[in-house]
Amino acid sequence: MTAAADLVLTNAEVHTLESPDETHEAVAIRDGEIVRAGRAFDVELLAGVETRVVDCDGRVVLPGFIDAHTHLPNVGRSLVHADLSVAESVDDAVSLLEERASAVHNGEWVLGFGYDESTWDESRYLTRADLDAVSETVPVVAFREDLHTAGVNSVVLDRFGDEMDPEGVQTESGDPTGVVVEEAVDVLWEATEPDREEMTELVRAAQEYATARGVTGVHDMVRGSRAPEVYRDLAAAGELDLRVRINYWSDHFDALHETGLRTNHGDGLVTVGAIKTFTDGSFGGRTAKLSEPYADAPDETGQWVVSPDELAELVAEADDADYQLTAHAIGDEAIETVLDAYESTADPASARHRVEHVELASDDAIERFAELGVVASVQPNFLRWADEGGLYDARLGGRRRQTNRYRDLLDAGVNLAFGSDCMPLGPLLGIDHATDHPNSDQSLTVTEALRAYTSGGAYAGFDEDRLGGIEQGATADVVVLHESPWEAESIRDIDVAMTVVDGRVVFEALD
């Protein structure tokens, strides 16, 4: 006798997102696994006395979204500290920081996250003068949303200026402006690192935010933090509401290697991912490495955060130890350098080595991605900078039309995985951007974009056999949407009705 299901979603439009995409009326879940998808009559036969049966009233059911590049603790920080992503001007940002300053205990850091000056009428970084207006007695930091640039007040410069890489401390007439970039920012991350208790608070807030947006799994780019132990604490307590694949920064490589933790070690909810490294910086900070100068800075071509020689050495060592590699590369020269390093390994396709961002890829680079089998882990949220007059236009001029080439990558046969880089976290926003690309010839169909946010992330995490689809035997990670993304006027405005992770309902807003 067939055991009853734990959960049945019926009267729905269930999309498998396979190729071709098949649709069903219902899906049954038992013990964290999909046990049947098909006609409502057949699936409802699995309903028992204790089965929860949800009438979806025609809503769309999809595989759960996998954010293949995020920083979950930073999502939590934006929720707990000052959220500068909503600021529309320098004055707005300062006001938000002043509001935060009034809420912290005496002497504590005043932190803000996510400002984007490229959208402001006065398009400039937050400076020492701005942040001194917030406080002249406690440290104040405003992190730009790319996390490569920050503004600090005089207190921070007095306390930590000597520890910062001088190349990363911008000056005017010999005096620090309060704008710091790249390695100088690392000092701030170390100084403000949350302890275990605070990290737990941040992760709890972030996972609640993520599951409300249909996210069932994240690939978290973890930098020297307490996050990995907090993820495992929550998982052991049955309180982790999404899957976490931890891509450890290269600083952790030796420790991981010595303890025998390899890529894909884990229990299903918390898994070891790739070794994460850098090459260049960002367009916002003019530190992305370009083969030709910046349009608005003719003497600058960006900078190496990790030199090509250091990168090649790390890639060789980590690949030899059977780790997946993932490298941040934004500028065209940086992308080529990462591909050079991967090409020197034995089998980059089997290792599923990844490149993060891939914002300015040449024709040659796209061909090499396909030939090498390297995963392109990209963030469609970045397309808000691709319009005429936007950040890409200012930094790159006519080259802005060569950015974020999703159609070219997909047509070349490249494995494409979507993520948010928490700018902001939100798969439906990213799907909306990808299907309405400012360069229309690079737009994806709705189905293609959904796959990049589901099976694309699953493949990038070696999980395609259990995640990213809806079929018998697959892990029960699904999302229910109030509207169809194929029919909605605005995909980004679709509300999530339910999120299910490992067969457990972790978010619900059916009404």
Side-chain angles (χ1 to χ4, degrees), residues 9 12-18 21 27 29 34 59-72 75 206-221 240-245 269 271 273 375 377-381 406 415-435 444-461 463-464 466-471 474-486 488 490-509:
L9 304 175
E13 185 181 313
V14 182
H15 288 261
T16 66
L17 296 184
E18 299 293 335
D21 177 27
V27 59
I29 294 167
I34 293 171
R59 295 181 179 92
V60 167
V61 177
L62 300 170
F65 297 127
I66 299 170
D67 189 326
H69 183 122
T70 194
H71 305 267
L72 210 59
V75 175
Q207 73 171 4
E208 182 178 347
Y209 183 92
T211 55
R213 283 150 184 80
V215 175
T216 57
V218 296
H219 296 181
D220 199 347
M221 307 295 165
L240 186 62
D241 288 343
L242 38 65
R243 295 181 195 282
V244 182
R245 184 173 179 83
L269 275 182
T271 308
V375 175
S377 172
V378 300
Q379 295 71 46
N381 302 24
Y406 305 149
N415 293 301
L416 198 63
F418 276 176
S420 69
D421 206 4
C422 46
M423 295 192 192
L425 187 150
L428 290 166
L429 172 63
I431 290 162
D432 198 339
H433 278 300
T435 54
L444 301 184
T445 67
V446 171
T447 302
E448 290 169 337
L450 288 169
R451 286 176 182 150
Y453 242 127
T454 52
S455 56
Y459 180 85
D463 275 329
E464 70 274 15
R466 67 186 185 117
L467 302 177
I470 295 179
E471 60 184 354
T475 300
D477 290 4
V478 300
V479 59
V480 183
L481 304 180
H482 278 295
E483 297 178 72
S484 168
W486 289 272
S490 173
I491 296 174
R492 70 184 67 191
D493 292 325
I494 295 174
D495 289 324
V496 172
M498 180 180 283
T499 305
V500 179
V501 175
D502 210 35
R504 183 165 58 97
V505 176
V506 296
F507 172 78
E508 186 171 343

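Nothing here was measured: the structure is a model prediction, and the numbers come from that model.
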Measure across [X] and [Y] and return the closest heavy-atom pair with its distance rounded to 0.1 Å.
{"X": "Thr454", "Y": "Ile66", "result": "O-CD1, 3.4 Å"}
{"X": "Val61", "Y": "Ala12", "result": "CG2-CB, 3.8 Å"}
{"X": "Val375", "Y": "Ala417", "result": "CG1-CB, 4.3 Å"}
{"X": "Met221", "Y": "Ala68", "result": "CE-O, 3.6 Å"}
{"X": "Gly430", "Y": "Pro380", "result": "O-CB, 3.3 Å"}
{"X": "Thr475", "Y": "Ile34", "result": "O-CD1, 4.1 Å"}

Yes or no on side chain to side chain contact (heavy atoms under 4.5 Å, CB included) for Val506 and Leu242, after CA distance, side-chain angles and deciding distance?
CA-CA 8 Å; Val506 296; Leu242 38 65; over 6 Å; no

Do His15 and Asp21 get their side chains close enough for a donor-acceptor pair, meaning under 3.5 Å?
yes

Please report the interatomic distance [atom1]([X]) to [atom2]([Y]), rounded to the nearest 0.5 Å.
{"X": "Met498", "Y": "Glu508", "atom1": "CE", "atom2": "CD", "answer": "4.0 Å"}
{"X": "Arg245", "Y": "Asp67", "atom1": "CZ", "atom2": "CG", "answer": "14.0 Å"}
{"X": "Glu13", "Y": "Leu481", "atom1": "CD", "atom2": "CG", "answer": "10.0 Å"}
{"X": "Met423", "Y": "His71", "atom1": "CE", "atom2": "NE2", "answer": "7.0 Å"}
{"X": "Asp463", "Y": "Ser455", "atom1": "CG", "atom2": "OG", "answer": "12.0 Å"}
{"X": "Glu208", "Y": "Arg213", "atom1": "CD", "atom2": "CZ", "answer": "9.5 Å"}

Has the side chain of [X] got a donor or acceptor atom that lies under 3.5 Å from a matching backbone atom of [Y]?
{"X": "His219", "Y": "His69", "answer": "no"}
{"X": "Asp477", "Y": "Gly64", "answer": "no"}
{"X": "Thr499", "Y": "Phe507", "answer": "no"}

When you compare the side chain of [Y] with that of [X], does any pair of heavy atoms fall below 4.5 Å?
{"X": "Val446", "Y": "Ile491", "value": "yes"}
{"X": "Thr447", "Y": "Trp486", "value": "yes"}
{"X": "Thr16", "Y": "Glu471", "value": "no"}
{"X": "Ile470", "Y": "Leu17", "value": "no"}
{"X": "Asp421", "Y": "Thr70", "value": "no"}
{"X": "Val215", "Y": "Pro427", "value": "yes"}

Stepwise, does the side chain to side chain contact (heavy atoms under 4.5 Å, CB included) test hold for Leu450 with Leu62?
CA-CA 9 Å; Leu450 288 169; Leu62 300 170; 4.0 Å; yes

Verify salt bridge (charged side-chain N to carboxylate O under 4.0 Å, His left out) between Arg243 and Asp502, making sure each step is shown before the conclusion.
CA-CA 9 Å; Arg243 295 181 195 282; Asp502 210 35; 3.0 Å; yes

N-O pairing of Asp241 and Arg504 below 4.0 Å
yes

Under the salt bridge (Lys or Arg N to Asp or Glu O under 4.0 Å) rule, collect the residues that match up with Arg451, sequence neighbours excluded.
none

Could you walk me through whether Leu72 and Leu425 pass the side chain to side chain contact (heavy atoms under 4.5 Å, CB included) check?
CA-CA 9 Å; Leu72 210 59; Leu425 187 150; 4.2 Å; yes

ring-ring contact (aromatic ring centres under 6.0 Å, His included) for Phe65 and Phe418? Distances and angles first, verdict last.
CA-CA 9 Å; Phe65 297 127; Phe418 276 176; over 10 Å; no

Trace of the side chain to side chain contact (heavy atoms under 4.5 Å, CB included) decision for Thr216 with Leu467
CA-CA 10 Å; Thr216 57; Leu467 302 177; over 6 Å; no

